[in-house]
There are 2 protein chains.
Amino acid sequence: MDLRQLRYFIAVAEERSFTVAARRLNLSQPPLSQHIQALEAELGTQLLYRTSRKVEPTQAGEAMLLRGRAILQQIKSAEDEVRSIGAGLIGTLDLGATGSILRGRLAELLAAYREVAPLVRMTVHEQAPALQIAALLNRTTNISLIRGVPRERDLTSKLAWREEVVLAVPRSHPLAKRKRVALGELASEDHVILDPDSSDFARYVQTCCVDAGFLPRVSQQVVDAQSIPSLIAAGFGVALVPQSIARFTTADIAFRPIRPSPPAADVFLVFREDETSMVVHNFIKLALRYLSQRRRLG
Amino acid sequence: MDLRQLRYFIAVAEERSFTVAARRLNLSQPPLSQHIQALEAELGTQLLYRTSRKVEPTQAGEAMLLRGRAILQQIKSAEDEVRSIGAGLIGTLDLGATGSILRGRLAELLAAYREVAPLVRMTVHEQAPALQIAALLNRTTNISLIRGVPRERDLTSKLAWREEVVLAVPRSHPLAKRKRVALGELASEDHVILDPDSSDFARYVQTCCVDAGFLPRVSQQVVDAQSIPSLIAAGFGVALVPQSIARFTTADIAFRPIRPSPPAADVFLVFREDETSMVVHNFIKLALRYLSQRRRLG
DNA sequence: AGGATTGATAGGCTTTCGCTATGGACCTCC
DNA sequence: GGAGGTCCATAGCGAAAGCCTATCAATCCT
């Protein structure tokens, strides 16, 4: 059986006329008759009872009409689904991010994406950077947002945005009175830092300090950036943190820009080089476009 | 989308190789590539991710594979159903018959038919002959078994079998002692008859009696042949009944053949002339064959 | 009875389909 | 590390199908 034959048959059965059906199909009547005959021959069954005055489906024809319509509908629906998947409008998207990035600019990016592709099931996996890399290689996640470029060969990274690194100090601290702070002035302070083993950002900050001529004295080392503000407020010292964190912390803490030469922490979109999902490609394309726009605007 | 393309795609997706799939499809590899390309172009989506070493479905391809398999299966199932209906192996069959015919030879005919077409839903409507005709014209029933040929123009009748008409008398009756009885001898008896208005059989019997030189004296007239044996046993008189009734009545009654020139009641298969159902045609064909066979054998 | 309408058939033309031959990328084996 | 082998894509040709116009046979309507 052929889909063309099926469509033709349905048209004739519905119109109860070869001539009218042919008109509807933008076809002349003879080939229509021939196709119906071929279909009947293949099924070994008369589907239409025809006199020169009227055409009516036989019982077999009624069944064929019913099932045929369902089949055509299913085909259409399958085509739509495949097209949607191919266009990246349907599917799943697993993102990896740390809490600070998620609560930072990522949230607005996700909102923008959801407007474009509302049917994509998004899941954000909040986890430490090292685990994010593993998850990407695992195919547990499709995309990660990470401060720093991972060196794995199968992964591709694209700069998403740059965040200035700022100083976090207790409001009572003398540096809190200052409008800006030079990096070198922090040499004598106690520092709260992230674990450099699991965090590119921590390593980057460390490098910046070394470049400024000192190795930060560590009073406390944490794995989750979320813990830093509380420790600062509790008087454990100062910390160099991404500016985006400033938006979500208590009043006990002051954030001060580092000047001159403020360090910038780069956040990257990271994904598998061989990623095939159109949802992922779509997201990346949209994200880069959206972010560059934002950068230009403000 | 074309079914051929769908089949081709499924083969390639399953085999994960154009070359192998082409072999399976009894096709050379180039047209296979072309069809897949055409399908992908139509859907605007890559369905297969191909390198020179391996072929794998994309996410869209996976969906297409799943839905496509279901569609092909549905098509096959629809074809099977239509073929079965066309062959008269699936459907419904509504038969009309009087109780005496049903409990007579019809039962064995239905048993024979059920062996050939076990999936056909048969329903027997036990009703008076006049109602049977109406039901046939109504399309409430497809086939009736009636003693006598209805004169309606839209109905066709085929002789199913002939039954000898025999005399039913109480065992205590003098005629019960006889081996055979001539029709003329019943002139002086009281008769239990069916309503001649609704029964061809009753009219036929009446005609036979008139031919034999008398008009039967009616002691009781009933509409249901089933009532006759009880009335005979109760001493209401005698009755001329189809031989088949003899098999299902009590010991109080004797059945005696009419000799010479036994009257014969003909039972006909009656059906609409424009009947289209293959189930009905099948049943009629089988019934006539089966019955003529039975006639020859016994 | 004759014109009109309907589905079936016949013959010619265009499009599609499948084949062989070949190209380009990649893997494997010596 | 280059030669051969394998795989999918492309090109060009012959065969088959699909579609069209013209016509026929049957039926309906006036």
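Being a predicted model, the structure only gives us computed values, none of them experimental.
- Atom CZ in Arg23(B) sits roughly 17 Å away from atom C1' in dG18(C) (whole-Å rounding).
- Spacing between atom CD of Glu42(A) and atom P of dA17(D) amounts to 13 Å, rounded to whole angstrom units.
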When the side chains of residues 110-125 of chain B are checked against the rest of the protein, which donor-acceptor pairs come out under 3.5 Å, sequence neighbours left out?
| residue | atom | partner | partner atom | Å |
| --- | --- | --- | --- | --- |
| His125(B) | NE2 | Asp94(B) | OD2 | 2.7 |

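- Atom CZ of Arg16(B) has more than 12 heavy atoms from other residues, nucleotides or ligands within 6.0 Å.
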Distances under 3.5 Å between protein N/O atoms and the N/O atoms of nucleotides 7-14 of chain C, please, pair by pair.
| residue | atom | partner | partner atom | Å |
| --- | --- | --- | --- | --- |
| dG7(C) | OP1 | Phe18(A) | N | 2.9 |
| dG7(C) | OP2 | Thr19(A) | N | 3.0 |
| dG7(C) | OP2 | Thr19(A) | OG1 | 2.4 |
| dA8(C) | OP1 | Arg50(A) | NE | 2.5 |
| dA8(C) | OP2 | Ser33(A) | OG | 2.7 |
| dA8(C) | N7 | Gln29(A) | NE2 | 2.9 |
| dA8(C) | N6 | Gln29(A) | OE1 | 3.3 |
| dT9(C) | OP2 | Gln37(A) | OE1 | 3.4 |
| dT9(C) | OP2 | Gln37(A) | NE2 | 3.3 |

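- Residues that satisfy the side-chain hydrogen bond (donor to acceptor under 3.5 Å, both in side chains) test with Lys76(B), not counting sequence neighbours, are Asp80(B).
- When rounded to the nearest whole Å, the span between CG of Leu25(A) and P of dG18(D) equals 15 Å.
- Separating the CG atom of Asp2(A) from the P atom of dA16(D) is a distance of 18 Å, rounded to the nearest angstrom.
- In this structure, Leu47(B) places its CG atom 16 Å from P of dC8(D), rounding to the nearest Å.
- Of the residues in residues 4-15 of chain A, those placing a heavy atom less than 4.0 Å from an atom of DNA chain D are Arg4(A), Tyr8(A), in numerical order.
- Contact check, His35(A) against dC19(D): a side-chain N or O comes under 4.0 Å of OP1 or OP2.
- Here the side chains of Val267(A) and Leu159(A) are not in contact, with every heavy-atom distance at 4.5 Å or above.
- Atom C1' of nucleotide dA17(D) and atom CG of Leu3(A) are separated by 17 Å, given to the nearest angstrom.
- Rounded to an integer number of Å, the gap from Leu48(A) CG to dT6(C) C1' is 14 Å.
- Atoms CD (Glu56(B)) and C1' (dC8(D)) sit 15 Å apart, rounded to a whole Å.
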Throw together a table of side-chain donor-acceptor distances under 3.5 angstrom for residues 18-26 of chain B, partners on residues two or more places apart or in other chains.
| residue | atom | partner | partner atom | Å |
| --- | --- | --- | --- | --- |
| Arg24(B) | NH1 | Glu14(B) | OE1 | 3.2 |
| Arg24(B) | NH1 | Glu15(B) | OE2 | 2.8 |
| Arg24(B) | NH2 | Glu14(B) | OE1 | 2.9 |

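- Looking at residues two or more places apart in sequence or on another chain, you find no ring pair (Phe, Tyr, Trp, His ring centres under 6.0 Å) involving Phe9(A).
- For dC19(D), the OP1/OP2 oxygens have no side-chain nitrogen or oxygen of Ser28(A) closer than 4.0 Å.
- Under the rule for a side-chain hydrogen bond (donor to acceptor under 3.5 Å, both in side chains), the partners of Gln132(A) that lie at least two apart in sequence or sit in another chain are Ser144(A).
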Could you give the side-chain donor-acceptor pairs of residues 40-49 of chain A under 3.5 Å, partners two or more places apart or in another chain?
| residue | atom | partner | partner atom | Å |
| --- | --- | --- | --- | --- |
| Glu40(A) | OE1 | Arg50(A) | NH2 | 2.9 |
| Glu40(A) | OE2 | Leu47(A) | N | 2.8 |
| Glu40(A) | OE2 | Leu48(A) | N | 3.2 |
| Glu40(A) | OE2 | Arg50(A) | NH1 | 3.2 |
| Glu42(A) | OE1 | Met1(A) | N | 3.3 |
| Glu42(A) | OE2 | Met1(A) | N | 2.5 |
| Thr45(A) | OG1 | Leu43(A) | O | 3.0 |
| Gln46(A) | NE2 | Leu48(A) | O | 3.0 |

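- For Thr140(A), the side-chain hydrogen bond (donor to acceptor under 3.5 Å, both in side chains) test picks out Asn138(A), with sequence neighbours left out.
- Residue contacts shown for Leu32(B) are absent, as no nucleic acid heavy atom lies under 4.0 Å away.
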